[in-house]
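Following: one structure in C-alpha cells, then a few remarks.
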Amino acid sequence: MINVTLPDGSKREFADGASPLDVAESISKSLAKKALAARVNGELRDLKRPLDGDATVAIVTDKDADGLELIRHDAAHVLAQAVQELFPGTQVTIGPVIDDGFYYDFARKEPFSTDDFEKIEAKMREIVDRDLPIERQVWSKDDAIAHFKSIGEAYKAQIIDDIIPPGEAITLYAHSDQWSDLCRGPHLPSTGKLPKAFKLMKLAGAYWRGDSNNEMLQRVYGTAWANEKDLKEHLHRLEEAEKRDHRKLGRQLDLFHMQEEGKGMVFWHQKGLTLWQVIEAYVRRRLQEAGYVEVRTPQVLERTFWEKSGHWDKYRENMFVCETAEEETLSLKPMNCPGHVQIFKFGQKSYRDLPLRMAEFGACHRYEPSGALHGLMRVRAFTQDDAHIFCREDQIEEETANFIKLASSIHSDFGLERDHISLGTRPEQRAGSEEFWDKAEAQMLNAARAAGVEPVIAEGDGAFYAPKLDFQLKDAIGRSWTCGTIQLDYVLPERLGAEYIAEDGQKHRPVMLHRAILGSLERFIGVLIENYAGAFPMWLSPVQVVVAAISDTAADYAEEAAAELRKAGLRVEVDTRNETINYKVREHSLQKVPVIAVVGAREAEERKLALRRLGSNGQQIITLDEALLSLAEEALPPDLKRRR
RNA sequence: GCCGGCAUAGCUCAGCUGGUAGAGCACCUGAUUUGUAAUCAGGGGGUCACGGGUUCGAGUCCUGUUGCCGGCACCA
C-alpha cells in the first residue's frame with residue numbers, strides 16, 4: 001500500500017505500483033484527462049511512472065508553469081521527430097525550453113528555409129494526431145552510446161559520452177517505437193497531449209556546444225502555448241513590441257540615424273542630442289552629489305601607453321589603431337581606465353584622498369565584430385558614464401554597496417525596472433589565486449546584500465582579473481542588456497604603478513572599482529526609447545510643449561506664449577503653419593510631444609492656453625501665468641524635484 | 001567573425017513565370033484661416049544597394065561585394 005498526500009492535505013491509499021495517473025483518475029476523470037505530469041515529493045515526474053512509496057502528489061496541468069514547460073519541451077521533441085521524418089539524414093543535437101518556447105539544433109548539410117516551416121508544422125500536427133505514447137526508458141551509458149552511434153547520431157553519442165559519468169544510467173524518451181531522444185524528462189504521457197498551439201518562429205545558426213571553433217548547426221526556434229488563444233496573444237505582443245523598436249522610433253521621432261560609412265556609429269540629430277544632454281546633466285548632478293569629481297582624458301594615445309596598460313596585448317583586435325605621417329602608432333581609447341590612473345598618479349596621493357571617485361563621460365571606440373552591432377545597443381563609438389573609485393581594500397564593500405544604491409536610485413528615476421543584477425564569478429582563464437577569488441566574490445556578494453539586492457550568479461562571467469556585478473535591463477522584446485556595472489580591479493593599479501601614502505608613511509597600492517550606471521549613453525537611450533515607446537516623461541522629452549495656433553489671428557500670441565514658456569526653462573516649439581488644428585494635433589501626437597498648447601482667438605484674447613496631454617483628448621484651459629508655473633514644475637528632473 | 005534572410009522614391013510598401021518603375025504618406029506650389037488625431041487641387045522626385053555576368057532585352061535570373069535584419073560566438 002502507498003499513502004498519497006494531495007495538495008489540499010487529504011490522504012488516499014493506492015496499491016503498490018500505482019502512478020500519479022492513478023491518483024489523478026481517483027480524483028476525477030476530467031483531471032486525469034487534463035493531467036500532463038505530476039510533482040511527486042516536489043520532483044516533476046512522468047504521469048505514468050510508478051510511485052516509489054508514500055508521497056505527496058500534485059497533478060500538473062497546462063494551467064501550471066510546469067505544465068507549460070513540459071508542453072514546450074515536448075514540442076521540441078515533436079519538432080525533431082517531424083524534421084527527421086521529412087529530412088532523412090538530419091542529425092539531432094539538443095532542444096531545450098526557453099522563454100516563451102523552445103528550439104532544436106539540427107545538423108544537416110543543406111540549409112533549412114523558412115519555407116519549410118509550414119511543412120514541418122503540418123508534420124508536427126500529424127505526430128500529435130498519431131497520439132504516440134511517450135515512454136521513459138532507462139539505458140546504460142554504454143548501450144546508449146552504441147545505440148546512437150548505430151543510428152548515425154554522432155552528436156547524441158558525444159553528449160552522452162561527455163556529460164554522463166561512467167556507470168550512470170540515463171533515460172531516453174520514446175514516441176512509441178517511431179522515434180526516441182536522450183532526455184532527462186519528464187514528458188507528457190503521449191504526443192496527443194501536446195496542444196497544437198505551437199508555431200515555428202525563426203531559423204538561425206548556432207555553434208555546436210556554443211563554441212565558435214566548432215561547426216555550426218541549424219537552430220529552429222518555436223513557440224508553444226497551452227491553447228490557441230495564448231499563442232495568439234503572444235504573437236500580438238511580439239507585434240506590439242516591434243513598434244517600440246528604438247531603431248524604428250529613432251527615425252520616426254528624428255532622434256538619430258546611422259549609415260553605411262559609419263558602421264556602429266551614431267549621427268545624433270537635434271532631438272536625440274537634447275535627450276542625451278538632459279540625461280548627462282542629470283547624471284552629472286547625481287555624481288556630484290555622491291562625491292565624485294569629473295575629469296576628461298585624451299581620445300587618442302600612443303601605442304606605448306596601451307602597451308603599458310596591457311591593452312595592446314590583450315585587446316588589440318578591438319582597438320581602432322592609426323598611424324601618423326611621422327610614423328607614430330596611436331590608438332583611439334577603447335576605455336578610460338588607464339587615463340584615469342594617470343590623473344591619480346599625477347602628484348602625490350594620501351590615504352586622506354581616498355576613496356577618490358573619478359568620473360568621465362568618456363567617448364570610447366571599440367572595433368566590435370560586425371555581427372555584434374545592434375542599433376544603439378551595441379555600437380563601435382560610445383560614451384560611457386564611466387568612473388573609477390580608487391580606494392583601500394577595506395573600503396571596497398562600502399563603496400560597492402553605495403554604488404548599487406546610487407545606480408538603483410538613478411535607474412528608478414528614469415522609470416526603468418531592472419531585470420536583475422548578476423554577479424560574474426571567476427572565469428576559466430583568470431589571474432589571481434583561489435583565495436583571492438574567494439575573498440573578492442564574497443566582497444561583491446556582501447556589498448550587494450548590504451545594498452538590499454540578491455544577485456543572480458553568472459558562473460564564469462567575471463573579468464579575468466576580478467568578479468563584477470552587472471545591472472541588466474530589458475529591451476522591448478525581452479533581450480537583456482547590461483546597463484551599469486561595477487568591477488573590482490587589483491591588477492591595473494599594480495601594472496601602472498598607482499600608489500598613495502598611508503597612515504604608516506609608506507606607499508600603498510590602491511584598489512580600483514570600475515563602474516558605470518547607464519553603461520553607455522547610447523545603449524541607455526536605446527533602452528529608454530523602448531521602455532517608453534518614444535513617449536518620454538516630461539523631463540526627458542526633447543520637445544516638452546508645442547504651442548499650436550488655430551489660425552493666423554492667434555499666431556502672434558502663440559509666439560509670445562512660446563517665448564514665455566522658454567523663459568521658464570521649457571523646450572518649446574511653435575506651430576503657426578497654415579494647417580488645420582486637427583492636422584497639427586495629430587502630427588504632434590504622433591511625435592509623442594507630451595503637451596500641446598492650443599491657442600485660438602479666445603486664448604489670445606484671454607491670455608490663456610488650452611493644454612492637451614498626450615494620450616488624453618480632454619483639455620485644460622488655464623492662464624498663461626498658471627501654465628508657466630505648473631509646466632515648469634512638471635518638467636523638473638526628479639532629483640531637482642526632490643530638492644524643492 | 002559564423003549561419004540564414006533581406007536591400008525598389010525621404011518613409012511604408014506594390015511590381016506574376018525577364019519586356020524598360022507604381023501607390024499612400026512626406027516634400028513643393030496654389031486655394032483654404034481652420035477649435036483638438038489627416039482640407040482640397042496640382043507638381044516635382046528613383047543609376048531599383050554597388051560591381052561583374054547570362055540575354056535581343058534584367059528591378060526580376062546567376063555571381064561577387066557592402067550594408068541591414070534574426071540568431072550564434074564575442075562584449076576585459
Side-chain angles (χ1 to χ4, degrees), chain A residues 98 103 105 110-115 201-221 242 245 247-248 251-252 254 257-264 309-311 313-315 317-318 334-335 337 366-375 377-380 382 424 427 429-431 461-466 468 470 477 479 481-482 485 487 489 491-492 514 519-520 523 548-555 576-591 596-603 610-619 621:
Chain A
I98 51 172
Y103 68 77
D105 286 350
E110 305 73 39
F112 290 114
S113 143
T114 46
D115 298 340
M201 303 297 286
K202 55 197 178 192
L203 221 42
Y207 296 107
W208 166 234
R209 315 198 102 184
D211 185 339
S212 59
N213 296 311
N214 289 342
E215 64 273 34
M216 188 156 259
L217 306 169
Q218 296 188 65
R219 178 170 296 179
V220 178
Y221 282 92
E242 226 171 280
D245 189 315
R247 294 164 295 191
K248 201 173 196 147
R251 183 171 49 235
Q252 284 169 5
D254 196 15
H257 87 269
M258 297 166 105
Q259 60 191 50
E260 273 197 32
E261 299 93 327
K263 290 177 280 297
S309 74
H311 290 94
D313 253 12
K314 283 227 178 312
Y315 204 71
E317 279 182 4
N318 288 283
M335 39 197 89
C337 344
R366 299 183 187 173
Y367 189 81
E368 302 286 2
S370 59
L373 302 178
H374 182 96
M377 305 299 200
R378 191 80 182 270
V379 289
R380 285 181 174 164
F382 56 96
Q429 293 208 341
R430 58 179 179 264
D461 262 3
F464 84 97
Y465 50 76
K468 62 174 180 176
D470 280 341
I477 62 169
R479 283 178 294 219
W481 297 95
T482 300
T485 182
Q487 306 176 8
D489 188 357
V491 174
L492 203 62
H514 306 248
S520 81
R523 176 178 291 180
I550 290 174
S551 72
D552 283 349
T553 36
T576 53
R577 291 175 302 172
N578 177 10
E579 296 288 352
T580 62
I581 192 64
N582 285 334
Y583 180 87
K584 292 179 186 178
V585 165
R586 175 182 157 80
E587 190 168 271
H588 301 302
S589 297
L590 288 174
Q591 283 296 306
I596 302 174
V598 175
V599 294
R602 281 204 297 276
E603 285 75 15
L611 301 182
R612 181 195 160 106
R613 307 276 161 167
L614 182 59
S616 87
N617 36 23
Q619 58 174 340
I621 302 174

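Chain naming here is simple, since letters A, B, ... match the order of the sequence lines and numbering starts at 1 in each.
Scored by the ring-ring contact (aromatic ring centres under 6.0 Å, His included) test, A:Y315 finds no partners at all (sequence neighbours excluded). A:R247 is linked by a side chain to side chain contact (heavy atoms under 4.5 Å, CB included) to A:D245, A:H374, A:R479, counting only residues two or more places apart in sequence or in another chain. By the side chain to side chain contact (heavy atoms under 4.5 Å, CB included) test, A:A372 pairs with A:P369, A:R378, sequence neighbours left out. Partners of A:H588 under the ring-ring contact (aromatic ring centres under 6.0 Å, His included) rule, at least two apart in sequence or in another chain, do not exist in this structure. Looking at residues two or more places apart in sequence or on another chain, you find a ring-ring contact (aromatic ring centres under 6.0 Å, His included) between A:Y103 and A:Y221. Applying the side chain to side chain contact (heavy atoms under 4.5 Å, CB included) criterion to A:Q591, with sequence neighbours excluded, gives A:L253, A:K271, A:V593. Residues passing the ring-ring contact (aromatic ring centres under 6.0 Å, His included) test with A:Y367, sequence neighbours excluded: A:F320. Under the rule for a side chain to side chain contact (heavy atoms under 4.5 Å, CB included), the partners of A:D211 that lie at least two apart in sequence or sit in another chain are A:N213, A:N214.
Remark: the separation of the P atoms in B:A7 and B:C50 is 13 Å, to the nearest Å. Spacing between B:U66 and B:G52 at atom C1', rounded to whole Å, works out to 15 Å. A gap of 24 Å separates the C1' atoms of B:G67 and B:G15, to the nearest Å. Comparing the P positions of B:G5 and B:U65 gives an interatomic distance of 15 Å, to the nearest angstrom. For B:G59 and B:G42, the C1' atoms lie 30 Å apart once the distance is rounded to whole Å. Only the C1' atoms considered, B:G43 is 23 Å distant from B:C48, to the nearest whole Å. When the P atom is used for both B:G22 and B:G46, the distance is 13 Å, rounded to whole Å. Distance noted for atom P between B:U47 and B:U8: 13 Å (whole Å).
Remark: side-chain polar atoms of A:R366 are paired, donor with acceptor, to backbone N or O of A:P334 under 3.5 angstrom. A donor-acceptor pair is defined here as one N or O able to donate and one able to accept, closer than 3.5 Å; such a pair exists between the side chain of A:Q218 and the backbone of A:E110. In this structure, A:R523 contributes its side chain and A:T482 its backbone to a donor-acceptor pair below 3.5 Å. Checked by atom type and distance alone, the side chain of A:R380 pairs as donor or acceptor with a backbone atom of A:E368 at under 3.5 Å.
Rounded to whole Å, the distance from OH on A:Y103 to C1' on B:C3 is 15 Å. Atom NE2 of A:H588 is separated from atom P of B:A26 by 13 Å (rounded to the nearest Å). B:A26 atom C1' lies 12 Å from atom CD of A:Q591, rounded to whole Å. Remark: C1' of B:A31 and CZ of A:R577 are 18 Å apart, rounded to the nearest angstrom. Atom P of nucleotide B:G1 and atom CG of A:N213 are separated by 17 Å, given to the nearest angstrom.
Distance check, rounded to the nearest 0.5 Å: NZ of A:K263 to CG of A:L373 gives 9.0 Å.
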Would you give a per-nucleotide map of nucleotides 70-75 of chain B, 5' to 3', where B means the base has a protein non-hydrogen atom under 4.0 Å away, S means only the sugar-phosphate does, and - means neither?
BBBBBB

Footprint string (nucleotides 36-43 of chain B, 5' to 3'): B base within contact, S backbone only, - free, heavy atoms under 4.0 Å:
BBBB----

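Map A:Q218 and A:D461 each onto its nearest nucleotide of RNA chain B; the residue landing nearer the 5' end is A:Q218. Comparing A:A463 and A:T553 along RNA chain B, the residue whose closest nucleotide (by nearest heavy atom) sits nearer the 5' end is A:T553.
As judged by a 4.0 angstrom heavy-atom cut-off over every strand, A:A601 is placed among the base-contacting residues. Using a 4.0 Å heavy-atom cutoff across all strands shown, A:Y465 reaches sugar-phosphate atoms only and no base atom.
Remark: A:R251 is in phosphate contact with B:U12, judged by side-chain N or O atoms under 4.0 Å from OP1 or OP2.
With pairs defined as Watson-Crick or G-U wobble and both atom distances under 3.5 Å, the stems of at least three pairs that touch RNA chain B come out as B:1-7 with B:66-72, B:10-13 with B:22-25, B:27-31 with B:39-43, B:49-53 with B:61-65.
A salt bridge links A:E587 with A:R577: the closest approach of a Lys/Arg side-chain nitrogen to an acidic carboxylate oxygen falls below 4.0 angstrom.
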Where do N or O atoms of nucleotides 63-66 of chain B meet protein N or O atoms at under 3.5 Å, pair by pair?
from, atom 1, to, atom 2, distance (Å)
B:U66, O2', A:E260, OE1, 3.1

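Put simply, the side chain of A:K468 reaches to within 4.5 Å of the side chain of A:D470, judged on heavy atoms.
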